[in-house]
Structure formats: structure tokens, C-alpha cells
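One structure is given below, encoded as C-alpha cells.
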Amino acid sequence: MNMPLDQVKPLLQVKHLKKYYPIKKGVISKTVGYVKAVDDVSFDIYPGETMGIVGESGCGKSTTGRSLVRLEDPTAGQIIFQGKDLANISHKEMRKLRTDLQIIFQDPYSSLNPRKRIGDLLAEPLLAHKLATKEEADKKVNEIMEIVGLPKQYKNRYPHQFSGGQRQRIGIARALMLRPKLIICDEPVSALDVSIQAQVLNLLKDLQKSLNLTYVFIAHGLGAVKYISDRITVMYLGKVMELATTRDIFENPKHPYTEILLNAYPIPNPHERNRNQMVIEGDVPSPANPPKGCVFHTRCPFAKDICREKAPELTGKAHLVACHFPIDERNA
Ligand code: SF4
């Protein structure tokens, strides 16, 4: 993405997205509360970019990603894509849009039928959407296997005959079969060895360029997110804490939580930034009972009275932050 974002039309817009899970109790399964996995999340995704979403486990990043492709039905909010609100269309309508929106999982093995050959698994989406004959689908399988770096003769193998890295290539190939516009990558390299992670990340980058893809890249570690993302959304307890370019997140973070996450990330270049040594204390509060005011106040070293009372708005233009005392203002 080289153009300023205010001159580009977003490919997808997320507006006030919420996903609450009811907590049921008793013999009549009465709803006694809600787990607020995603709580009022908004962001835009621009064509050709990679938006990283990062945060500790339980921050709502995967639920956000899964909601974008309606693997989760949002509780409230809008997901605008090609003039349609994905959050509020039927599953039948959503099925038609699946050709443009795909997801890659952390563990592709669990989404592959172990009894089917890889060639058949890859051809499945094309045949299910009636987009190709059997012969055309077979030709396409050969093409895509070559694109993701798998020999086409492997198409007769079963999922268990592949290594972790190869299975992730199959996951990517499957996502590519329908030539989508947007791919949600849900922790696609978290379970892989470091050397294989680099290969898969490079493959995703190459594919993005050659096929003009847009990614949402979800991860709990900052390393992979930094390598692949143009912009990064930092989430905590179902909310967006900060959203900025990758460079700004790493060189000029404004939210205390981002700063603490960065402190846990090794600095390859000691001149990169003179970080202070804040560490995070305590556990993430339960999303069933999030703290009042700023959800981060129970762990924030800078919390003041207002933080315990009033939730900060996510404000800013290109660099957004939800904090009453962002770092640049605190140091001024
Ligand atoms: Fe910390 Fe207050 Fe900012 Fe929340 S609003 S991150 S508690 S300083």
C-alpha cells in the first residue's frame, strides 16, 4: 500500500462489532451474564494491505477474525464488504460471498478430512460452488499446488502424509482455490518451527503481491506480525487499544499495553528504540466481568482515578489510541 489511506476506499469496514456469548445456569438454562469476547471493535481494511491483529490469548482477536467470515455470528455491529453488511445477511447469502472471503487456520489438519486425498480436498470448494467441471478443477489444483510450492503428484496423498509446514501450504492452497480478495490468517504460523514459519510468511507475502491479496493476520507474537503487517491493531479484553502503522507501533507506541507487549519482544537492533522496562502484572481479567472504565486499568502502571471510572474512546486519525494518558502526552 503506497497511497495515503484517506485516498483509498476500504475493502472491508468493521463498525462497532460485538460478539457476546451467553452464560447459562440452572435447569432452565437461564442467561445470567455474557462473556464479552469482542466488545465494540471498529477498523477499516484497505485493498492490498495486511492488517495484523495482536494481543494475549483471550483478547478477542480470533473471534474478531472468525466473525469477519461469519464463522461466528456477531451479536451487534456491521461488517461492510462490497456494499453488503456481512453481520446481518443470511447464511445463504454469506455462502455466495465465501468465494471472496477465506480463512487459514492455525491447525489446517483439523479442517482437512483425513479420509480424502489432497487433490479432492482442494477441488472441493470449486465443485461445491459449481465454478468448474471436474477436469477444470483438477487443472486448477495442479496450478495452485505449484503456486504454493507443493509437487502436483502429492495430490494423491492423504493429509497425514504431510509435515506441519506442508499442511499449512495446503491450507493456503485451499484458501486460494476460489481466488478470494481477503484472507483471514488465524495464527497460521504459531504451531510451526521457526525456520518453517519464515518460509510460510514469505510464501504469504509473495502470494499477496502476485495475486493482489488483502490479509488480516492474527497472532499473539509480535515477530510474525511485524514481518508481514502494514498496520497493526492491538487488542485487549475484546477492545482495540491501539491501531497504527507497523512502524508507529514499534517506534512510537502510545498505549501502555502496547509498550508492555513490546518489552516482551526482543530488540534485534539496540538502536531501534530506548524502551523503558515496564512489565505487565497480574492476570487478564475475565471477559465475563471486565473492569469498569478502562479495561486495562487493573494492570496499568499509569492508572488514575478517571481510568477506573470512564472508558477511554479510541481516538486519532492514522494513529488511534484508547487511553486517557497516551505515552506521548504523558512524556510531554
Ligand atoms: Fe492506563 Fe488509564 Fe490509559 Fe487505561 S486509560 S491504559 S488505565 S493510563
Side-chain angles (χ1 to χ4, degrees), residues 14-20 33-44 51-64 76-77 218-222 225-226 229 231-265 267 272-332:
V14 178
K15 298 181 181 182
H16 307 291
L17 182 70
K18 292 182 184 177
K19 176 64 190 175
Y20 293 179
Y34 292 92
V35 172
K36 297 178 177 178
V38 179
D39 195 13
D40 201 4
V41 162
S42 299
F43 55 78
D44 293 342
M51 165 70 90
I53 305 184
V54 74
E56 291 167 283
S57 71
C59 71
K61 54 189 187 302
S62 283
T63 310
T64 301
I218 297 162
H220 61 266
L222 281 170
V225 169
K226 183 183 184 189
S229 307
R231 295 188 301 145
I232 295 176
T233 299
V234 179
M235 285 186 70
Y236 181 81
L237 220 56
K239 290 186 178 288
V240 174
M241 299 287 105
E242 187 162 4
L243 194 169
T245 61
T246 301
R247 189 172 176 170
D248 275 346
I249 288 286
F250 276 81
E251 294 183 8
N252 181 29
K254 294 187 178 190
H255 197 284
Y257 179 59
T258 311
E259 178 83 347
I260 288 165
L261 279 185
L262 290 171
N263 281 339
Y265 172 74
I267 310 173
E272 192 180 281
R273 200 164 53 81
N274 189 15
R275 289 183 192 151
N276 67 43
Q277 286 309 305
M278 277 192 299
V279 285
I280 199 160
E281 283 175 6
D283 295 325
V284 183
S286 165
N289 188 20
K292 196 178 158 210
C294 170
V295 287
F296 189 55
H297 85 251
T298 53
R299 301 171 87 195
C300 179
F302 306 105
K304 295 192 171 57
D305 286 348
I306 187 176
C307 308
R308 294 175 196 98
E309 293 301 323
K310 192 172 172 243
E313 300 274 327
L314 185 69
T315 53
K317 224 174 161 198
H319 190 155
L320 295 107
V321 62
C323 177
H324 293 304
F325 308 101
I327 288 168
D328 52 342
E329 289 175 26
R330 208 183 317 130
N331 295 339

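Both ligands and their constituent atoms are indexed starting at 1 by order of listing. In this text, all values refer to a predicted model and were calculated from it rather than measured experimentally. Atom set for the values below is all heavy atoms of this structure, side chains included, hydrogens, waters and symmetry mates excluded.
Near F325, with a cut-off below 4.0 Å to any heavy atom, the atoms of ligand 1 are 8 (S). The distance from ligand 1 to the heavy atoms of H297 drops below 4.0 Å at these ligand atoms: 7 (S). Atoms of ligand 1 found under 4.0 Å from any heavy atom of A303 (numbered from 1 in listed order, with element): 7 (S).
Here C294 has side-chain heavy atoms under 4.0 Å from ligand 1, and that is the only part of it that gets that close. Residue contacts with ligand 1, taken as heavy atom pairs separated by less than 4.0 Å, involve H255 solely via side-chain atoms from C-beta onward.
When all heavy atoms of D44 and V14 are compared, the closest pair comes out as OD1-N, 4.5 Å. Closest non-hydrogen pair, C307 versus H324, comes out as CA-CD2, 3.9 Å.
A distance of 11.5 Å separates NZ of K292 from CZ of R308, quoted to the nearest 0.5 Å.
Among the backbone and side-chain atoms of C300, an N/O/S atom is found under 2.8 Å from atom 1 (Fe) of ligand 1. At least one N/O/S atom of C307, whether from backbone or side chain, sits less than 2.8 Å from atom 2 (Fe) of ligand 1.
A side chain to side chain contact (heavy atoms under 4.5 Å, CB included) with M241 is found for one member of L314, V321, L320, V295 and no other, namely V295.
The aromatic rings of Y20 and Y34 sit tilted relative to each other, their planes meeting at an angle between 30° and 60°.
Proximity of the aromatic rings of F296 and Y257 is defined here by a centroid distance below 6.0 angstrom, and this criterion is met.
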